[in-house]
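Single-structure report; data block below.
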Amino acid sequence: MTHASQHPATIAVTAGRPPAESDQPLNAQIMLASSFIAGGDLEYARFQNPTWTALEETIGQLEGGRALAFASGMAAVAAVLDQVPVGGRVVVPRHAYQGSLGLLEQHRVAGRIEPVLVDVEDVDAVVAAIPGASLVWMETPTNPALEVADLARIVAAAKQAGVPVAVDNTFATPLLQRPLEDGADVVVHSATKLMSGHSDVIMGAVVTNDDDWFTRLHGNRSLHGAIPGPFEAFLVLRGLRTLDVRLERAQANAKAVVAALEAHPAVSRVRYPGFSTVVSFELESAERADRVVAAVRLARHATSLGGVETTLERRRRWASESKSIPEGLIRLSVGIEHADDVVADLLQALDA
Ligand SMILES: *Cc1c(COP(=O)(O)O)cnc(C)c1O
């Protein structure tokens, strides 16, 4: 049994469990099935799967809504963007996750959606872009610029204009930010990142407390078929059980890293919003940043983020990264190793 009064850190551990009865397992089982005996609620595994249900109950309780698991974060993003009517305008951070911007660009080229790029830290500009839009897409903090949006003000403006708001909550996780409580209509996650936390699974989720949104997104998932495997759902649920302690350690490590980077003469700027586990820092050039990335010994040079291991990359190595992200910007995903070792590794790489 879980209760709304429990702390999120507790819900992450207790939700989505089988009933506390003799011989029940402690954990939801990996349900390998394509079809279920007719006459019940399940019927066919493109519509529902009990392993997803355990995960969805947990994510839903954490965010304060009903969750749907998707095959990837991008599948979740795509399902929400599919709800925009043809020709609709979508307000979107200019530094949103490059995949979300790339998908919006595909919709634009096909004549389906008109994206309106905004600087999320310029609240007045965001608010001014909202009237007449079909959707406000928010991501905060943004990836990799780590800009923070004033969600409460933006949601209030969108409500007044009758425009729904979707928030990509991947970087904050529901333990640090719950956009539905701010009035957002839909929350989107790449569960690939902090939620699963071990760099071993690709998965996504949407969460909403609006029945109409839920029905449309469930219908979209059932018919597009962007469903996760039950094993992947199990892994994400297993990862969620330790999210709070992982976040606690990785955030403490991130703060230690920020202090060390800020004191280093080669680092021209450190970006860290004060929470979450990603730190972006800037060096004078792409070459200098590439040398640092090549010189780390403990951290791994790899894309993605939110795993227990520290990883880093120069974001502009990707041709698809926004051109307003500096060439020398390194995005560091801070893991849960000992802070001293993470800091020492970065300092030796900066001095190499
Ligand atoms: C990674 C990421 C996504 C996409 O998720 P995938 O699981 O890779 O499909 C979406 N939004 C943000 C903020 C991300 O970091």
Side-chain angles (χ1 to χ4, degrees), residues 52 55 59 63 67-82 90 92-107 115 117 120 135-149 151 165-177 179 184 186-207 220-221 224-229 231-233 235-237 239-240 243 247 250 271 273 275-280 302-307 311-313 315 318 320-322 325 329 331-334:
W52 305 347
L55 173 65
I59 297 176
E63 286 284 7
L68 289 163
F70 278 82
S72 65
M74 281 311 301
V77 172
V80 173
L81 293 183
D82 275 353
V90 175
V92 58
R94 69 189 173 121
H95 292 150
Y97 174 65
Q98 54 156 348
S100 307
L101 289 174
L103 182 56
L104 277 163
E105 176 61 11
Q106 282 193 1
H107 280 301
L117 301 185
V120 294
L135 179 71
V136 176
W137 182 271
M138 273 298 127
E139 183 181 311
T140 178
T142 57
N143 176 5
L146 302 178
E147 299 139 332
V148 174
L151 267 190
V165 180
V167 179
D168 185 333
N169 204 24
T170 298
F171 271 43
T173 85
L175 295 189
L176 303 177
Q177 171 172 277
V186 187
V187 165
V188 176
H189 278 285
S190 169
T192 309
K193 315 291 167 57
L194 280 157
M195 272 194 180
S196 60
H198 294 73
S199 309
D200 52 10
V201 61
I202 297 271
M203 245 197 77
V206 299
V207 198
N220 181 287
R221 183 182 68 177
H224 285 251
I227 55 166
F231 185 62
E232 283 71 15
L235 284 178
V236 174
L237 183 53
L240 270 175
L243 177 59
L247 269 178
R271 301 169 186 240
F275 62 98
S276 195
T277 65
V278 179
V279 177
S280 291
T303 196
S304 197
L305 55 101
T311 58
L312 81 177
E313 68 172 340
R315 281 302 300 178
W318 298 96
S320 53
E321 184 54 88
S322 170
I325 297 299
L329 181 142
R331 186 185 68 192
L332 177 74
S333 172
V334 183

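Just the heavy atoms: all of them, side chains too, but no hydrogens, waters or symmetry mates, feed the values below. The residues of the chain are indexed from 1 along the displayed sequence. Both counts, for ligands and for their atoms, begin at 1 and track the order of listing.
To the nearest 0.5 Å, atoms CG (Leu104) and CG (Leu81) are separated by 5.0 Å.
By the side-chain hydrogen bond (donor to acceptor under 3.5 Å, both in side chains) test, Thr142 pairs with Glu147, sequence neighbours left out.
Using a 4.5 Å heavy-atom threshold, the side chains of Arg331 and Thr303 count as touching. No side-chain heavy atom of Val120 sits under 4.5 Å from any side-chain heavy atom of Thr140.
Although no hydrogens or angles enter the test, the distance criterion places a donor-acceptor pair under 3.5 Å between the side chain of His198 and the main chain of Ser196.
At a 4.0 Å heavy-atom cut-off, the residues surrounding ligand 1 are Ser72, Gly73, Met74, Tyr97, Glu139, Asn143, Asp168, Thr170, Phe171, Ser190, Thr192, Lys193, Met203, listed by chain and number.
Judged by distance alone, the side chains of Arg315 and Asn143 never bring a donor and an acceptor atom under 3.5 Å apart.
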